[in-house]
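This report refers to the structure that appears directly beneath it.
For reference, positions follow the sequence shown, starting with 1.
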Amino acid sequence: MKQKIPGILFLLAMPLSVLLYIKVEALSGSEILGLFSAVALYVVVALVIALLFNKKS
């Protein structure tokens, strides 16, 4: 099960990035800020996965 968690986290990040893009774009009026925030979400998820799941056993 532990091997599947990173994939599940990335799958959950997909709809969350769309929602984040819509919210940021609506609040700021800038599509580029929405895009950067959605991409930043993927970067944060990747960093969390790297920190949590790349430990030596």
Side-chain angles (χ1 to χ4, degrees):
M1 180 67 184
K2 187 175 180 181
Q3 298 166 344
K4 296 180 184 179
I5 293 175
I8 292 170
L9 289 176
F10 269 118
L11 287 174
L12 290 174
M14 284 182 207
L16 289 177
S17 69
V18 172
L19 290 174
L20 183 64
Y21 169 79
I22 292 170
K23 290 285 187 181
V24 171
E25 194 272 329
L27 290 174
S28 69
S30 173
E31 291 180 0
I32 195 75
L33 283 177
L35 176 65
F36 283 142
S37 65
V39 171
L41 176 68
Y42 284 115
V43 171
V44 169
V45 169
L47 287 174
V48 167
I49 289 172
L51 290 173
L52 294 179
F53 294 101
N54 284 340
K55 295 182 181 177
K56 293 182 180 179
S57 297

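Atom CD in Q3 sits 11.0 Å away from atom CZ in F53 (nearest 0.5 Å). For the atom pair CG of L27 and CD1 of I22, the computed distance is 12.0 Å after rounding to the nearest 0.5 Å. Remark: I5 CD1 to F10 CZ distance equals 14.0 Å, nearest 0.5 Å.
Neither side chain, Y21 nor S37, offers a donor N or O lying under 3.5 Å from an acceptor on the other.
A single hydrophobic cluster is seen to contain both I49 and L52, as judged by linkage of ILVMFWY side chains at heavy-atom distances under 4.5 Å, directly or through other members. Connection of V48 to M14 is established within a shared hydrophobic cluster, with ILVMFWY side chains joined at heavy-atom distances below 4.5 Å, either directly or through further cluster members. Hydrophobic clustering places V44 together with V24 (ILVMFWY residues linked when any side-chain heavy atoms are closer than 4.5 Å, directly or through intermediates). There is a path of hydrophobic side-chain contacts, each under 4.5 Å, that joins L16 to L9.
Taking every heavy atom of both residues into account, A38 and S17 meet most closely at CB-O, 3.7 Å. Shown here for L41 and A13, the closest heavy-atom pair between the two residues is CD2-O, 3.7 Å.
The local environment of CZ in F36 is sparse, with at most 12 non-hydrogen atoms from other residues, nucleotides or ligands closer than 6.0 Å.
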